[in-house]
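Worksheet: one structure, shown below.
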Amino acid sequence: MAKYIFVTGGVVSGIGKGIAAASIGRLLKDRGLTVFMQKFDPYLNVDPGTMSPYQHGEVFVTKDGTETDLDLGHYERFIDEELTKRASITTGKVYSKVIRNERRGDYDGATVQVIPHITDEIKNAVYQAAEESGADVIITEIGGTVGDIESLPFVEAIRQIHSEMPTEDVAFVHTVLVPNIPGSDELKTKPTQHSFKELMSQGIKTDIIITRSEGVVDENLRRKISLFCDVPPEAVIQSDNVELIYEVPLVFHRQGLDHLILELLDLKGQPESDGSWKKMVDGFKEAKEEVKIGLVGKYVELHDAYLSVTQALLDAGYALGKKVDIRWIKATELEDDNVDEKLGDLQGIIVPGGFGSRGMEGMVLASKYAREHKIPYFGICLGMQIAVIDVARHLANLREANSAECDVDTPYPVIDLMESQIGVENIGGTLRLGNYDCSLAENTLVRELYGTNKIIERHRHRYEFNNNFRLDLRKAGLVLSGINEDLDLVEIVELTEHPFFVGCQFHPEFKSRPNKIHPLFSGFIEASSKVKK
């Protein structure tokens with residue numbers, strides 16, 4: 001039987017609840033347990049796939065093609081497990097399913113209500129995750145903060161799970177802000193006390209409180225929180241500000257959080273950590289040599305829009321003993337008369353995924369500059385399409401080449417809508433999503449980097465390389481180094497006679513881990529580090 005940990009938030013959102021949950025997962029995995037993680041998002045969207053990045057940052061994609069909140073990227077990077085659709089539950093998903101059930105008559109004429117029908121569906125999502133994953137521990141993060149109207153059904157559902165299960169099978173972790181009052185430089189615990197009481201009013205008694213603050217939660221404050229919130233002093237854990245987010249599990253371990261959770265869940269006797277995570281973090285912190293990487297995109301003012309990409313870049317650098325200095329370059333501001341000023345001192349250029357025509361010409365200019373100046377170039381999804389357009393225009397003499405997404409009248413649609421997408425009306429959940437196979441050609445850079453001829457990578461796109469232009473682009477020097485054989489789709493392109501010029505239609509950042517660096521990111525950073533500053 002699985003054990004369950006529910007992580008809630010109080011006072012304000014954005015204080016690192018997802019990192020706290022992921023860190024708990026890492027601690028338990030280091031103690032020999034298998035872990036599955038979930039995020040419950042209270043918004044009415046079925047998933048974040050149709051949202052602007054300004055709303056929730058990047059859209060993370062699981063191996064089975066579910067579009068999810070960016071927190072699932074943190075989960076996978078920390079616990080090194082591939083999650084599934086069971087890991088992402090929204091109010092929209094829950095209500096959609098309940099309404100479908102009602103339309104079929106599944107409720108035998110009953111009046112459909114939040115309790116029990118909505119809460120039952122939420123509970124089923126937790127129990128199904130346990131059944132399908134077979135994990136020892138299910139960690140579920142409740143989005144938002146306690147007291148939010150939209151969170152009430154989720155809080156009620158986890159309260160019911162606690163009442164249905166033995167006491168030692170469920171633990172509640174509550175994350176709170178301990179604010180610093182300007183002027184007095186004094187930390188205040190009153191918001192924590194009110195948050196605890198709000199949670200209690202909804203029938204949940206928390207077992208552990210994780211605090212986040214600018215100052216140190218000393219023993220006096222710890223005892224005060226313990227007294228007012230009815231938890232042992234050792235169950236008040238501070239989440240320190242750290243240099244690397246991967247240090248958070250080590251911070252928690254030093255305060256005994258893993259031991260405390262194992263006792264609460266009656267999981268005594270688990271082996272101690274082998275120290276590999278600490279060794280990795282210590283190695284990362286020894287990185288010294290800087291590598292300047294320019295990220296050319298549409299949303300560079302919003303770093304969360306490229307969270308998995310930037311984390312994969314940083315992790316690849318650390319693993320190679322390098323500190324990656326990411327320069328954020330707005331594609332819409334990149335033009336012929338300033339390209340040398342903006343890109344001239346870079347050691348590598350990456351163009352990540354995106355949709356729409358805004359900034360496309362600036363990205364094509366970045367690809368052309370990297371190609372001509374022998375600066376390593378890495379194009380992901382849209383970035384691969386940009387590289388294909390660049391090569392078509394400037395090497396294959398197809399001057400008006402473009403993507404049909406941006407110019408439906410282009411005479412050379414080197415990037416075109418996939419056949420499977422023709423006639424698709426709904427934009428939510430209809431992209432080519434999740435894991436697909438790819439065969440790597442012999443004597444190519446990507447084959448060398450991967451060390452195998454077959455790979456599986458995650459996708460999120462609607463447009464693809466147009467096979468009608470294969471011959472023209474090959475003649476121009478473009479190497480089609482990765483092919484999905486089932487659909488005969490070009491998945492990876494590269495150029496020879498260049499230190500690193502690679503574009504991939506998939507999203508390798510979704511599979512990169514701090515303790516298992518993705519080979520394309522590793523190869524890109526290594527090639528970039530060899531470019532003279």
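Treat the numbers as computed from the prediction; the structure is a model and nothing was measured.
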Considering non-hydrogen atoms only, spot the tightest contact between [X] and [Y] and give its length.
X    : Y    : value
P352 : V296 : CD-O, 3.3 Å
S151 : T145 : OG-O, 4.0 Å
V242 : L244 : CG2-O, 3.0 Å
V216 : L187 : O-CD1, 3.3 Å
V170 : D207 : O-OD2, 4.2 Å
D266 : E168 : CB-CB, 3.9 Å

Rounded distance [0.5 Å steps], [atom1] in [X] versus [atom2] in [Y]:
X    : Y    : atom1 : atom2 : answer
L313 : Y306 : CG    : OH    : 12.5 Å
L265 : L28  : CG    : CG    : 7.5 Å
I329 : I350 : CD1   : CD1   : 11.5 Å
L33  : I261 : CG    : CD1   : 10.5 Å
I161 : T119 : CD1   : OG1   : 10.0 Å
E82  : L72  : CD    : CG    : 12.5 Å

Test salt bridge (Lys or Arg N to Asp or Glu O under 4.0 Å) on K188 and E186 and set out the steps.
CA-CA 6 Å; K188 290 292 185 180; E186 184 180 4; 3.4 Å; yes

By salt bridge (Lys or Arg N to Asp or Glu O under 4.0 Å), which residues pair with E289, not counting sequence neighbours?
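With sequence neighbours excluded, E289 shows a salt bridge (Lys or Arg N to Asp or Glu O under 4.0 Å) to K322, given in chain and number order.
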
Hey, does the Lys NZ or Arg CZ of R77 hover above the aromatic six-ring of Y75, less than 6.0 Å from the centre and inside 45° of the axis?
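R77 over Y75 ring: no.
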
Test the R358-Y299 pair against the cation-pi criterion, namely NZ or CZ under 6.0 angstrom from the six-membered ring centroid and within 45° of the ring axis.
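Yes, a cation-pi geometry.
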
Do the ring planes of H459 and Y436 sit parallel (below 30°), tilted (30 to 60°) or perpendicular (above 60°)?
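The arrangement is perpendicular - the two ring planes meet at more than 60°.
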
Donor-acceptor contacts under 3.5 Å from residues 252-260 side chains, at least two apart:
{"residue": "H253", "atom": "ND1", "partner": "D258", "partner atom": "OD1", "Å": "3.3"}
{"residue": "H253", "atom": "ND1", "partner": "D258", "partner atom": "OD2", "Å": "2.9"}
{"residue": "Q255", "atom": "OE1", "partner": "Q238", "partner atom": "N", "Å": "2.9"}
{"residue": "Q255", "atom": "NE2", "partner": "Q238", "partner atom": "O", "Å": "2.7"}
{"residue": "Q255", "atom": "NE2", "partner": "V251", "partner atom": "O", "Å": "3.3"}
{"residue": "D258", "atom": "OD2", "partner": "R31", "partner atom": "NH1", "Å": "3.0"}

Would [X] and [Y] count as having a side-chain donor-acceptor pair, cut-off 3.5 Å?
X    : Y    : result
Q193 : T189 : yes
H174 : S195 : yes
E156 : Q160 : yes
R458 : H507 : no
D169 : Y4   : no
Q38  : T140 : yes
Y246 : N515 : no
E58  : S308 : yes

Could you check whether [X] pairs with [Y] (Lys NZ or Arg NE/NH1/NH2 to Asp/Glu carboxylate O, under 4.0 Å)?
X    : Y    : value
K93  : D47  : no
K323 : D325 : no
E263 : K268 : no
K3   : D136 : no
K279 : D282 : no

Can you tell which of Y450, F510, F506 makes a ring-ring contact (aromatic ring centres under 6.0 Å, His included) with H518?
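Exactly one candidate clears the test, Y450.
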
Using side-chain contact (heavy atoms from CB on, under 4.5 Å), reason through T90 and N45 one step at a time and then give a plain yes or no.
CA-CA 7 Å; T90 67; N45 303 66; 6.0 Å; no

Between F378 and I349, is the side-chain contact (heavy atoms from CB on, under 4.5 Å) condition met? List the steps.
CA-CA 6 Å; F378 188 13; I349 294 172; over 6 Å; no

Report yes if some heavy atom in the side chain of [X] is under 4.5 Å from a heavy atom in the side chain of [Y]; otherwise report no.
X    : Y    : answer
I293 : S528 : yes
E102 : H117 : no
N435 : D64  : no
Y318 : D315 : yes
E121 : I118 : no

side-chain hydrogen bond (donor to acceptor under 3.5 Å, both in side chains) assessment of Y127 paired with E164
CA-CA 12 Å; Y127 295 143; E164 293 170 2; 2.6 Å; yes

Quick one, L302 with V300, criterion side-chain contact (heavy atoms from CB on, under 4.5 Å). Give me CA distance, side-chain angles, the key distance, then yes/no.
CA-CA 5 Å; L302 181 71; V300 294; over 6 Å; no

Taking [atom1] in [X] as the centre, count heavy atoms belonging to other residues, nucleotides or ligands within less than 6.0 Å. Is the count above 12?
X    : atom1 : value
I149 : CD1   : no
K29  : NZ    : yes
E214 : CD    : no

Please list, chain by chain and in numerical order, all residues satisfying side chain to side chain donor-acceptor pair (under 3.5 Å) with E301, sequence neighbours excluded.
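For E301, the residues satisfying side chain to side chain donor-acceptor pair (under 3.5 Å) (neighbours in sequence not counted) are Y54.
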
With a 6.0 Å cut-off on ring centres, are F172 and H162 close enough?
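Aromatic pair counts; centres sit under 6.0 Å.
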
CA sep, side-chain torsions, deciding dist, call: E247, K285, salt bridge (Lys or Arg N to Asp or Glu O under 4.0 Å)
CA-CA 10 Å; E247 289 183 78; K285 295 178 77 171; 3.0 Å; yes

Check against salt bridge (Lys or Arg N to Asp or Glu O under 4.0 Å), R222 and D218
CA-CA 6 Å; R222 195 185 298 263; D218 60 22; over 6 Å; no

